[in-house]
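To start, the structure under review is shown below, and the notes come after it.
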Amino acid sequence: MKLELGLFEIKNVIAASSTRIQDQILYVNLKELTEAIVDDRFSKMEIDIVHPGDNVRIINVLDVIEPRIKVEGGESFPGWVGKMGVAGTGKTHALKGVGVIETGIKRLFSGAILDMSGPGSEVANFSELHHVILITEPASGISEAEYSRALKMAGLKTAQYLAGASVSLQPDQWRIYESGRPTEPSDTMGLPRIAYVYISECHELLKEIFVYGDNLPYLYFPMVFHPNEFMDGAILGGSYKYNPGLRIFTYSLQNNPVIEALYGRHGRDLIFTGVVMANANLALTDKKRSAIMVGKLVKFNLGADGVIITKEGGGHPDIDLMECCEQCEILGVKSCLINSEMLAPDGVGSAMVAFSKFADCVISVGNIDETVELPPVQRVIGGETMGVDNFEGPFDGPMKVPIRMFPNAISLAGLTKVTTEEF
Amino acid sequence: MAPKVRVIHYVNQFFGQVGAEDKAGARPFFKEGPVGPGVLLKNLLGEKGELIGTVICGDNYFSDQVEAARKEVLNLISPYKPDLILAGPAFNAGRYGIACGEVCKLAKEELGVKAVTGMYRENPGVEIFKRDAYIVETGPSARSMAEGLGRIARLGLKLVSGEPLGRPEAEGYIPRGIKKNIVSENLASERAVAALLAKIKGEPFRTEIRKYAFDEVSPALPIKDISRATIALVTEGGLVPRGNPDRIEGRWATKYSKYSLETLTRLSQGEFESVHRGVDTTFINEDPNRLLPVDVMREMEREGIIGRLYPYFFATTGCGTFVEMSRKIGAGIAKELKDAGVEGVILTAT
């Protein structure tokens, strides 16, 4: 499978009378964009633009999407804005340096806080992007789940609309994602064969992951994906009620850093053999069933010598992470895990709720409980109240916030430089 | 010029020039100015610090009479109102290491002043006190005295100055088991791939989260006669009276509460609700007995299967709570149940 991703480096985003890209600046006709995403499930839809370094705090951040459009051989976000079709082939354009933010308030939603400058911006890499922000309220009678789908659709349409400005232009750079199907050891030139296991936490409405336009059912069995499907919009985040530090944002799925890193060394230091997606189920038997199937797929279907395993979610998915680690290691597949740590605010707690004796190689994406002190800001975008987690305004004042409230500061997919060190 | 930092130095009977092992029972006493290694320490402090005096105590006395020794040392030190207490270094001497650790701990806890000591990495005092005290790393013997004291003085003065500390290796102290978030050079994903390739090749790699042991709780003895026993209901399902009067958090709970069941034969919809943020609470809120089976317990009480349902239930939220907080909440509930003479408990989870 071969995906050609055309990268456009965007240096600024400016509201204008026509939508276009010129000298690496994205000009946006906000009126036209608003019309393109109109949806009677919203009672309010306003669009704002912010830049890195702005004295701005965005609250109720629900998802962040990178603007992309399919220009040849497939569909944009298939099953959503595009027709049904396989993702991961053909040519896609991506606007680098830009994010589309969905914001909204509803009882069960758990929105993140994103500061575009100051100490909060030093840990949240989304602060480095220019953002087009959708500020919304639901129409009356719209359920949380329906609202979340309206938001996702509006976010994806915005992403496609913005990237649409690039269609007739030549990208600054093409990035090629191509991996075949090595079946024999001789195919791999003696290099280790590495697989990636992505453990989702998909249980119910608002705690779900979208694949080709629908959410995965709870208790789905592990399945093999081609890495390109991740990098081309087949898999999108939908955990609107999950705490920001425990969920993986769509942006981090489109730019899945483990897939990026494995592709970066593919054919040179390793052979990337594919991705297994599995769920963090609730009952222990279901966890164990899922883990043995993961081990089986990794070892006997993908023929891997090594595996990177990531998970989404908080405490109990630690068990899935450890069960999958064990089942792979028992079959002789060496593992490396990525996880966050729950160490209490003072950093002295126990990191996880489960720990296998096989888990000798674990990469940390930070202590989710450590607090960051935020200074006052000039402007707050995204509402006057926050849905949950006992945060009360005013939000323009100084705040003491656990790092888990910043989107993607604690990135369970590994798209962060935050980690812990013992002092 | 800033006033000099007032320093008190703690040493054992040997370095305090009282005597060797035969004087290890010596009770603590205070001497003005530097004693033994204190002379070098005074020089190391230079213009920034003033070594006011030295507390000397026998190692055996300290380890045999910890409480008394702590009290006496505290009484000797406090009148001098030091800014900084430096102890040892104790190198690989076990009892001396423990005494130095205790002195640093009391400096922090009782006097609220900064303290630094020094030990060899394998000194048993390291594991016991690394979280309470800054312990600089020294060699196993007094041959590393000059280097050890240099580190102790430097780190002590820095702590008092309020200047932020660098990483343990840079400052020369043994990591204290306190983890802080930092920003690494590389993405987590890149570090993961590098570590995995090293692991496969059999090369050294570094795990960033080390394995730790979990508590094992041995179950209590079976209840002799359940038909006479008081049984309580406890839940982590965030069940609270409507409106959540005690504001139990929906996740990352820091507390628990108890609520009366005295007049209730079952929990009614609308009177109780779950504030748990980790599960879909729809079915619990439709019928709270699904989470906390008061209805069934009352039946069993009527039928004489159990002696009595304890007239209160305990609730907290088990969601994202770090292990130490869970332990604290659990211990609190357990104590209240035990004190109330409850013999058995049914724990319901989401």
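Letters go in sequence order (proteins before strands), and every chain restarts at 1. Only this structure's heavy atoms are used, side chains among them; waters, hydrogens and symmetry mates stay out.
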Top contributor to chain A contacts, counting heavy-atom pairs under 4.5 Å, from B:Ile200, B:Val193, B:Thr207: B:Thr207

Aromatic ring centroids of B:Phe314 and B:Tyr259 under 6.0 Å? no

Side chain from CB out, backbone as N, CA, C, O: work out which of these in A:Val258 comes under 4.5 Å of a heavy atom of chain B, or both, or neither. both

Tell me, side chain or backbone of B:Asn186 under 4.5 Å from chain A's heavy atoms, or both, or neither? backbone

Of the listed A:Gly349, A:Gly347, A:Ser411, the one with the largest count of heavy-atom pairs under 4.5 Å with chain B is A:Gly347

With a 4.5 angstrom heavy-atom cut-off, which part of A:Asn256 approaches chain B: side chain, backbone, both or neither? neither

Does a side-chain N-to-carboxylate-O contact under 4.0 Å join A:Lys241 and A:Glu144? no

Applying side chain to side chain donor-acceptor pair (under 3.5 Å), which residue pairs with at least one partner in residues 113-124 of chain B are found, sequence neighbours left out? B:Arg121-B:Glu137

Measure from NZ or CZ of A:Arg404 to the centre of the six-membered ring of B:Trp252, then state whether that distance is under 6.0 Å and the direction lies within 45° of the axis. yes

Could you tell me which non-hydrogen atom of B:Ala87 sits nearest to which non-hydrogen atom of B:Cys104, and how far apart they are? CB-SG, 4.3 Å

Flag this pair as yes if the NZ/CZ of B:Lys180 is under 6.0 angstrom from the six-membered ring centre of A:Phe423 and inside a 45 degree cone about the axis; otherwise no. yes

Those residues of residues 303-311 of chain A, ordered by number, that approach chain B below 4.5 Å (heavy atom to heavy atom): A:Asp305, A:Gly306, A:Val307, A:Ile308

Part of B:Leu197 within contact of chain A (heavy atom distance under 4.5 Å): side chain

Does any heavy atom of chain A fall under 4.5 Å from the side chain of B:Tyr134, the backbone, both, or neither of them? neither

Give, as side chain, backbone, both or neither, the part of A:Glu421 having an atom under 4.5 angstrom from any heavy atom of chain B. both

Per the ring-ring contact (aromatic ring centres under 6.0 Å, His included) rule, which among A:Tyr177, A:Phe230, A:Tyr263, A:Tyr196 passes with A:Phe272? A:Tyr263

With a 4.5 Å heavy-atom cut-off (strictly below), which parts of residues 315-332 of chain B touch chain A? List them by number. B:Gly320, B:Phe322, B:Val323, B:Glu324

If you measure only the distance, is there a donor-acceptor pair under 3.5 Å linking the side chains of B:Arg247 and B:Ser257? no

Going by side chain to side chain contact (heavy atoms under 4.5 Å, CB included), name the residues that satisfy it together with B:Ala334, two or more places apart in sequence or in a different chain. none

N-O pairing of B:Asp280 and A:Lys207 below 4.0 Å: no

Which atoms of B:Glu185 are under 4.5 Å from chain A, going by heavy atoms: the side chain, the backbone, both sets, or neither? backbone

Side chain / backbone / both / neither for A:Asp269 at chain B, heavy atoms under 4.5 Å: both

Out of A:Lys334, A:His316, A:His203, A:Glu260, return the one with the most heavy atom pairs under 4.5 angstrom to chain B. A:Lys334

Is chain A contacted by the side chain of B:Lys201, its backbone, both, or neither, given a heavy-atom distance below 4.5 Å? neither

Is B:Arg290 salt-bridged to B:Glu286, cutoff N-O under 4.0 Å? yes

From CA spacing to verdict: salt bridge (Lys or Arg N to Asp or Glu O under 4.0 Å), A:Glu422, B:Arg210: CA-CA 11 Å; A:Glu422 193 181 335; B:Arg210 278 198 309 273; 3.3 Å; yes

